[in-house]
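A single structure is presented below for examination.
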Amino acid sequence: MYIVGNGRVITQDDKNPYIENGAVVIKEDEIIEVGNFSDLRKKYNDAEIIDADDGIIMPGLINTHMHIYSSFARGMDIKGSTRNFDEILKNLWWKVDKSLSLDDIEYSAYATYMESIKNGVTTVIDHHASPMAITGSLERIAKVADHLGIRTSLCYEVSDRDGIEKAEEGLRENIEFIKYVDRKNSDMIKGMFGIHASFTVSNETLEKCKKAMENIDVGYHIHVAEGITDLNDAQEKYGKRVVERLNEYGIFKENTIAVHCIHINDYELDILKNSGCNIIHNPESNMGNAVGCSPAIKMLEEGLIVGLGTDGYTADMIESLKVANILHKHELKDPTVGWKEAPLMLFRNNREIIKKQFGCNTGILKKGAKADIAIFDYIPHTELNENNYNSHIIFGISGRGATTTICNGKILMKKRKLINVDEKSILEKARTISKQMWKSVEK
């Protein structure tokens with residue numbers, strides 16, 4: 001049993017949002033009480049104390065859209081033009097993913113998950129691609145997550161861009177992995193059915209995906225209308241917009257993750273809303289790829305569930321929170337937006353998305369929730385209270401300020417040191433094999 005205490009507790013629980021000198025009591029994988037540190041210390045006098053050193057105690061953060069394999073592109077010299085999103089895909093990402101071996105995948109997973117943990121992230125939903133190493137790729141990533149102790153959901157992106165055989169192999173990888181996690185029956189690992197995007201899959205492939213998913217109760221994880229090419233392709237080839245086309249194949253449902261949804265109209269918005277599916281906003285990636293600004297504020301106003309992800313751009317969810325706050329102010333020329341919407345996406349909606357998929361309550365500090373907790377090194381120089389804590393998170397806290405990360409009751413990082421993991425040697429190995437991967441990309 002642990003008591004995480006001697007800090008300011010931000011619970012993300014509306015009934016008990018903030019405790020000045022608070023603590024969280026953990027038994028096994030569950031939170032059993034949240035309250036005053038002194039009181040809980042007396043009540044559970046045999047518990048081990050995890051000292052927050054006057055820092056901020058918050059729920060572990062959730063990243064609802066990640067690309068683990070993108071880790072190995074960091075610092076790589078890009079050959080060819082990248083003047084628009086199509087060229088970024090063709091000259092960067094579709095070269096990188098084709099150069100990945102199973103070992104590359106494993107070490108990119110180590111690098112990404114470790115960096116996530118060091119940013120206070122305890123749950124990652126990933127969308128994977130490795131056309132030359134498809135079979136077994138998801139299980140290889142899952143084993144890394146299990147070793148590190150982080151909660152994760154995985155899928156493989158089905159795409160026709162490398163031919164029908166590769167598309168079918170990707171389809172099988174999804175189904176086999178979904179069966180694999182069903183057998184494990186754990187709330188630490190889940191599987192989804194991944195599809196890249198409308199413009200890289202034919203009607204025939206979508207029909208195969210639909211058939212493969214019959215009687216399988218998991219959602220799809222797919223990029224939707226991220227770039228204008230996706231919309232143009234759907235209209236030119238099929239006479240439909242992206243959401244209209246995908247909806248005909250049953251893609252959108254309550255446990256589906258529809259990523260981006262930038263180039264959509266009101267009719268498509270209604271389809272998404274009526275389906276109950278989950279939209280993931282990735283502000284930094286959208287800005288970096290210059291694909292446009294998501295109508296995330298409008299979608300929230302219309303009652304859609306919009307969560308926050310990073311799309312592989314970073315592992316720092318606090319950074320994405322900050323950017324989501326200012327992006328929509330700039331785009332809408334309205335300084336009043338973003339204050340409530342960005343925290344809503346990260347702290348409320350990401351939690352609801354995870355609950356749908358994993359069936360457990362995380363992203364909140366209250367009795368009965370999963371013991372997923374992050375401590376951040378932040379001592380405020382102005383008053384912090386139940387009415388202004390989001391302002392302190394946005395302007396004062398950073399992901400790298402995480403000092404301790406706990407997932408499912410297990411300490412993954414303490415005082416900035418990863419537990420039972422040789423971080424130095426793993427990253428040395430990652431640098432060595434990623435350098436070899438870069439050579440493959442250059443050929």
**Item:** Single hit among Leu154, Val158, Leu138 for side chain to side chain contact (heavy atoms under 4.5 Å, CB included) with Glu173
**Value:**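 Only one of Leu154, Val158, Leu138 forms a side chain to side chain contact (heavy atoms under 4.5 Å, CB included) with Glu173, namely Leu138.
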**Item:** Criterion side chain to side chain contact (heavy atoms under 4.5 Å, CB included) on Leu272 and Cys261, from CA distance to verdict
**Value:** CA-CA 10 Å; Leu272 295 171; Cys261 298; 4.0 Å; yes
**Prompt:** Donor-acceptor pair, Asp422 side chain versus Ser425 backbone, under 3.5 Å?
**Reply:**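 Judged by distance alone, yes, a pair lies under 3.5 Å.
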Scan the side chains in residues 250-257 for donor-acceptor partners under 3.5 Å anywhere in the protein, sequence neighbours excluded, and list what turns up.
{"from": "Lys253", "atom 1": "NZ", "to": "Val218", "atom 2": "O", "distance (Å)": "3.1"}
{"from": "Thr256", "atom 1": "OG1", "to": "Tyr220", "atom 2": "N", "distance (Å)": "3.2"}
{"from": "Thr256", "atom 1": "OG1", "to": "Ile251", "atom 2": "O", "distance (Å)": "2.6"}

**Request:** Could you check whether the rings of His67 and His65 sit parallel, tilted or perpendicular, using 30° and 60° as the cut-offs?
**Result:**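 His67 vs His65 ring planes: perpendicular.
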**Message:** Salt bridge or not between Asp14 and Arg348? Use side-chain N to carboxylate O under 4.0 Å.
**Reply:**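 Salt bridge present between Asp14 and Arg348.
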**Message:** For His221 together with His128, are the ring centres under 6.0 Å from each other?
**Reply:**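 Not close enough - the centres of the two rings lie 6.0 Å or further apart.
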**Asked** Hey, would you say the His196 and His223 ring centroids sit under 6.0 Å apart?
**Response**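 Close enough - the centres of the two rings lie under 6.0 Å apart.
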**Prompt:** Would Phe395 and Asn390 count as a side chain to side chain contact (heavy atoms under 4.5 Å, CB included) if you check the C-alpha gap in whole Å, the side-chain angles of each, and the deciding distance to 0.1 Å?
**Reply:** CA-CA 8 Å; Phe395 291 108; Asn390 278 331; over 6 Å; no
**Asked** Between His147 and Tyr110, does the ring centre distance come in under 6.0 Å?
**Response**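 Yes, ring centres under 6.0 Å apart.
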**Asked** Relative to Trp339, does Lys329 satisfy both conditions: NZ or CZ under 6.0 angstrom from the six-membered ring centre, and within 45 degrees of the ring's axis?
**Response**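 Positive - Lys329 is close enough to the ring of Trp339 and near enough to its axis.
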**Message:** So, applying side chain to side chain contact (heavy atoms under 4.5 Å, CB included) with Leu308, which one of Leu61, Asn282, Leu346, Val323 is it?
**Reply:**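 Looking at Leu61, Asn282, Leu346, Val323, the match for Leu308 under the side chain to side chain contact (heavy atoms under 4.5 Å, CB included) is Leu346.
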**Asked** Within a radius of less than 6.0 Å around CD of Glu428, do more than 12 heavy atoms belonging to other residues, nucleotides or ligands occur?
**Response**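 Atom CD in Glu428 is crowded, with more than 12 foreign heavy atoms closer than 6.0 Å.
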**Item:** Shortest non-hydrogen contact between Cys407 and Leu412, atoms and distance
**Value:**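 Looks like CB-CD1, 3.6 Å.
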